[in-house]
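Note sheet for the following structure.
Here is the naming used below: chain letters follow the sequence lines, and residue numbers restart at 1 for every chain.
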Amino acid sequence: MQDFSYQRPAALTAAIEAFEQAEDGRFLAGGQTLLPVMKHRLATPSDLIDLAGISDLEGISIAGSALSIGAMTTHARVASAAEVHDAIPALAKLAGCIGDPHVRNRGTLGGSIANNDPAADYPAAVAGLNATVYTDRRRIAGDDFFTGFFETALEEGELITRVEFPVAAAACYQKFDDPASGYAVVGVFVSRGSQGVRVAVTGATPCVFRMRDLEAALNRKFTPETVSGFCVPEEECNDDLHATAAYRSHLVGVMATRAVAAITDGEM
Amino acid sequence: MATLTLTVNGKPVSAQAEANTLLVEFLRETLGLTGTHVGCDTSQCGACVVHLDGLAVKSCTMLALQAEGTEVTTIEGLAPPGSLHPMQVAFHQNHGLQCGFCTPGMVMASVALVTDNPNPSEPEVRQGLAGNLCRCTGYQNIVKSVIAGARAMER
Ligand SMILES: Cc1cc2nc3c(=O)[nH]c(=O)nc-3n(C[C@H](O)[C@H](O)[C@H](O)COP(=O)(O)OP(=O)(O)OC[C@H]3O[C@@H](n4cnc5c(N)ncnc54)[C@H](O)[C@@H]3O)c2cc1C
Ligand code: FES
Ligand code: FES
């Protein structure tokens, strides 16, 4: 890794200030993506601003009918927290199937969604549950947050503080994981609540997206069979060493069917 | 350079580290604790697993400075000098290693796994070791070792 300067401020304002003063600053959360990227010299920041010293960014609470999770909360904490299991069990399950135990002990919610890897899991939950992303300066609707391949609506130096997930009546995440990395070859998050059905797909295309035509059909008739009339065309799917586009296109239907079936059977 | 202060294997440590020094480099090169291995340096293999405040982490995917104020346990600190931890004994007795390169990470990951789940099933052991790769054993005897180690840790 090339050299950089490191600091761990204890307050949010100090972190923002440090970013503004840095020539080419980067926030450091769990480091499970940023450090490997820096080892490959795909990122060469002048300053790393470690968010681990800001205790306000960590924690899980129920706020009205929503679950609020701090940006620095680790995947392991979300996977094991009683509040998450009670409110949105599908979210606990999703966090518990990210990577491996060691990655889950360091990796965070904020880092995952800021990075917006096309094969990451959390983006499916943010889009699939209509979550709201809170930053140091505003709130961003889950539907507007992920804007493209490794791209988000975050501005330069904008810091995610927490994410609010509305509690849905029922939700399920089905993931077909890559056996080597654990990342999603395809993952489908289905939720059913007072605002209707949501279907978010990760892994299949360059960025997480909602299958709105399938959502409309499931709003009329919520059965696994409904899924069979809908697909993501092969031409839109990622094609790489992990899976062909045709395979991914097929997997979207399989994972969506399983998620709907699990919800109708009540076994989320 | 910054001064890094932490506890390693129960002993207070204070030493200089560059910002870009990885925790595994600090342990191996500054402190001479070469039991922690580097298999891939790309966060895949788990040979570098240590415990940070009791949680298993990949020490190749952490900066040394991120460990400021923490308690780190390496394979050297698992049992008092001259003795073996029950999980180490179980790996020995069940032939849970061949070349031994992955073993420090396997043992550290296994102890963390059993601390969380004292009586793991075979699938739970396999899932719990998803972040640890072995190029030799085919995992059968590693899984056997962890289950035996878990029983021995209960005693
Ligand atoms: C072996 C391995 C397997 C993995 N498997 C999976 C998997 O199956 N599924 C999956 O989804 N992920 C997987 N990951 C990625 C993992 O979930 C990472 O933890 C995550 O992508 C990044 O989170 P982090 O906290 O480590 O962030 P970092 O690596 O510290 O940061 C990532 C990026 O986010 C920015 N950032 C971090 N926090 C904030 C914030 N609060 N506000 C604004 N910007 C911020 C950083 O500046 C950086 O650009 C895997 C990683 C590894 C090493
Ligand atoms: S050396 Fe750290 S994961 Fe391989
Ligand atoms: S025993 Fe050789 S790598 Fe595992």
Side-chain angles (χ1 to χ4, degrees), chain A residues 1-10 22 25-53 55 72 74-77 79-80 93 96-108 111 177-183, chain B residues 1-4 17-25 36 38-70 105-106 108-117 120 124-133:
Chain A
M1 254 190 289
Q2 108 293 354
D3 201 13
F4 51 84
S5 75
Y6 168 91
Q7 53 185 304
R8 179 162 37 166
R26 276 283 193 119
F27 297 124
L28 175 66
Q32 301 301 293
T33 294
L34 185 53
L35 295 177
V37 163
M38 286 173 63
K39 287 184 187 180
H40 285 115
R41 304 208 173 208
L42 295 169
T44 51
S46 63
D47 291 76
L48 283 190
I49 300 140
D50 189 351
L51 305 178
S55 54
M72 285 297 286
T74 62
H75 308 330
R77 178 101 200 273
S80 64
K93 188 182 143 204
C97 74
I98 294 175
D100 60 56
H102 325 315
V103 168
R104 294 196 289 275
N105 280 335
R106 299 288 303 164
T108 67
D177 52 342
D178 181 85
S181 72
Y183 274 102
Chain B
M1 281 280 189
T3 306
L4 172 60
E18 302 275 3
N20 63 358
T21 302
L22 298 171
L23 178 60
V24 69
E25 292 168 346
T36 303
V38 180
C40 65
D41 199 25
T42 56
S43 320
Q44 312 291 319
C45 76
C48 63
V49 169
V50 300
H51 295 176
L52 182 89
D53 291 333
L55 299 177
V57 302
K58 291 175 175 169
S59 62
C60 77
T61 315
M62 254 192 86
L63 303 174
L65 296 183
Q66 286 178 286
E68 171 73 31
T70 63
M106 286 289 178
M108 296 310 284
S110 303
V111 170
L113 164 71
V114 172
T115 306
D116 266 2
N117 178 1
E124 284 169 345
V125 171
R126 289 185 186 274
Q127 264 167 23
L129 294 180
N132 295 77
L133 304 180

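When heavy atoms are compared at a cutoff of 4.5 Å, A109(B) approaches chain A by way of both its backbone and its side chain. Neither the backbone nor the side chain of L113(B) comes within contact range of chain A; no heavy atom of the residue lies under 4.5 Å from a heavy atom of that chain. Looking at L22(B), only its side chain comes within 4.5 Å of chain A, counting heavy atoms on both sides. Heavy atoms closer than 4.5 Å to chain A are found nowhere in D116(B), neither backbone nor side chain.
Counting only distance, with no hydrogens or angles, the side chain of S80(A) and the backbone of A76(A) share a donor-acceptor pair below 3.5 Å. The backbone N or O of C48(B) lies less than 3.5 Å from a partner atom in the side chain of S59(B), making a donor-acceptor pair.
Of all residues in residues 44-52 of chain A, those placing a non-hydrogen atom less than 4.5 angstrom from a non-hydrogen atom of chain B are L48(A), D50(A).
In this structure the side chain of Q66(B) reaches within 4.5 angstrom of the side chain of L28(A), judged on heavy atoms. Under the 4.5 Å side-chain criterion, counting only non-hydrogen atoms from C-beta, M108(B) is not in contact with T36(B). Residues T61(B) and R106(A) are not in side-chain contact: their nearest non-hydrogen atoms beyond the backbone lie 4.5 Å or more apart.
Across all non-hydrogen atoms, the minimal contact from C40(B) to C45(B) is SG-N, 3.4 Å.
For H75(A), the ring-ring contact (aromatic ring centres under 6.0 Å, His included) partners at least two apart in sequence or on another chain are Y122(A).
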Test Q2(A) against N20(B) for side-chain hydrogen bond (donor to acceptor under 3.5 Å, both in side chains), laying out the working first. CA-CA 7 Å; Q2(A) 108 293 354; N20(B) 63 358; over 6 Å; no
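Of all the listed residues (V57(B), N132(B), L65(B)), the one sharing the greatest number of non-hydrogen pairs under 4.5 Å with chain A is L65(B).
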